[in-house]
Amino acid sequence: MKKGLKLLVLLLVFSVFAAGCTDQQPSAANDDEAAANESTEDTQAQESEDTSGEEAPVNAEIPEAVQQPLKIAAIMEFSTGTFASQYVSGVESQVKKFGGEVQVYNANNDLAQMANHLQTAINQGVDGILIDHGRAEALNQGVQEALDKGIPVVTFDNDITLEGVTAISQDDYSLAWGTLKRLAQDINGEGNIVYVWAGGFTPLERRNVIYEAFLEHYPNVKEVARFGSVSNNTALDSQSQMEAVLKKYPEEGSIDAVFAPYDEFAKGVTRAIEQAGRDDIKVYGIDLSDEDLQIMQAENSPWVATAATDPAEVGSVQVRFLYQKIAGEETPAIYALDPSVVTQDQLPEEAVTMANISEHIPNWGQSNVAYSDWMKALEEQNGE
Ligand code: SR1
């Protein structure tokens, strides 16, 4: 591609991701349409759904459809890792506050199994379905059947774009750019980096769009190695894959940084770097948990920055959109939570946890997103 054209393409990519973005990976093709509309829809959705700071009236009338205890199914592609466990706790806690019951189905990274779980939930006549990860090609048919049967569906980290579904995300484009921007600044726009990545997961596909644009934007940053797989042992696998890379690049200064856009990747890579005593390499991650904070706060930890939202809040927001749907309220087609970048130097000496991180990171977390007036009353009715 000619230099001028390349620059134009790059500028376009950057302006698109700055606006909410598109997904250029073939395996995430269904994202394109949704992502193209994301900018305006997000803004509209956030204007209409984000009631942060407002006190909801406790005596608002509770819609009839949500007055009885509801049966909710959460269909998950996988449940390993600290992100997934925090997400599930957010789902369970919000459903409990609303007086409902949630059955969590874990497909252990098997998309066919995930589709079977979806079918089971539909056959059981649940009141609403939450989808976590998975791919449209495996789930579209089941989701359409649920919609046809009047069962509302809200997805997270999925590329389904069927009409009637609300799809939430952590704004993966911003997550990736937040941490990569920090990486670029720290190495002054030049150096050797390692990329940890696995295809076929919607959030990782979206983050990869930004990574590809990042490499174009910083031609003096060279990717010297790439690996990655998602399994029940992602952190351990990443550790041994990074150990192999370190053996290949044993000289001090031969690797400047690792971009590890999933905390299970970042944990494994960090351990490998620490064990090899390579204090010349820094890790830039995505996601946050108590365990991640502990690793980042350890003395001389290579993990210096991460971009994240609160996974428990993601789960709770998804449940609230589902209850809004069940109550017959309008919900947006797309909603993206706003991530924050957390750097080691923002953290104090004392141990920080997810419970008090908001004291150290400006604008951390979002409360009251998708919170209808009657939700407070429903929670109070259920003794919460
Ligand atoms: C394999 S996908 C892993 C990602 O899913 C969630 O979006 C988390 O942010 C995690 O990084």
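Ligands are counted one by one from 1 in listed order, and the atoms in each one are counted from 1 as well. All heavy atoms count here, side chains included; hydrogens, waters and symmetry mates do not. Owing to the predicted nature of the structure, the values given are computational and were not obtained by experimental measurement.
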Asker: What does the contact table look like for ligand 1 (nitrogen or oxygen on each side, cut-off under 3.5 Å)?
Answerer:
from     : atom 1 : to     : atom 2 : distance (Å)
ligand 1 : 5 (O)  : His133 : NE2    : 2.7
ligand 1 : 5 (O)  : Asp157 : OD2    : 3.4
ligand 1 : 7 (O)  : Asp157 : OD2    : 2.4
ligand 1 : 7 (O)  : Gln170 : NE2    : 3.0
ligand 1 : 7 (O)  : Arg207 : NH2    : 3.1
ligand 1 : 9 (O)  : Gln170 : NE2    : 2.8
ligand 1 : 9 (O)  : Arg207 : NH2    : 3.0
ligand 1 : 9 (O)  : Asp287 : OD1    : 2.5
ligand 1 : 11 (O) : Arg207 : NH1    : 2.8
ligand 1 : 11 (O) : Asp287 : OD1    : 3.3
ligand 1 : 11 (O) : Asp287 : OD2    : 2.5

Asker: For the pair Glu274 and Arg271, find out whether any cationic side-chain nitrogen is under 4.0 Å from an anionic carboxylate oxygen.
Answerer: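 Arg271 and Glu274: not salt-bridged.
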
Asker: Could you tell me how the ring of Phe259 sits relative to the ring of Tyr195: parallel (under 30°), tilted (30 to 60°) or perpendicular (over 60°)?
Answerer: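 Ring orientation, 0 to 90° scale: parallel.
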
Asker: Taking Lys149 first and then Glu145, would you say they form a salt bridge - that is, a charged N and a carboxylate O separated by under 4.0 Å?
Answerer: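 Result for this pair is yes, salt bridge flagged.
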
Asker: Out of the candidates Phe78, Phe201, Tyr262, Phe83, only one should pair with His133 under the ring-ring contact (aromatic ring centres under 6.0 Å, His included) rule; please name it.
Answerer: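 The residue from Phe78, Phe201, Tyr262, Phe83 that satisfies ring-ring contact (aromatic ring centres under 6.0 Å, His included) with His133 turns out to be Phe78.
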
Asker: Using a strict 4.0 Å threshold on nitrogen-to-oxygen distance, state whether Glu212 and Arg226 make a salt bridge.
Answerer: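 So Glu212 pairs with Arg226 through a salt bridge.
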
Asker: Would you confirm whether Ser372, through its side chain, and Met375, through its main-chain N or O, come within 3.5 Å as a donor-acceptor pair?
Answerer: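 Flag not set: sc Ser372 to bb Met375 has no pair under 3.5 Å.
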
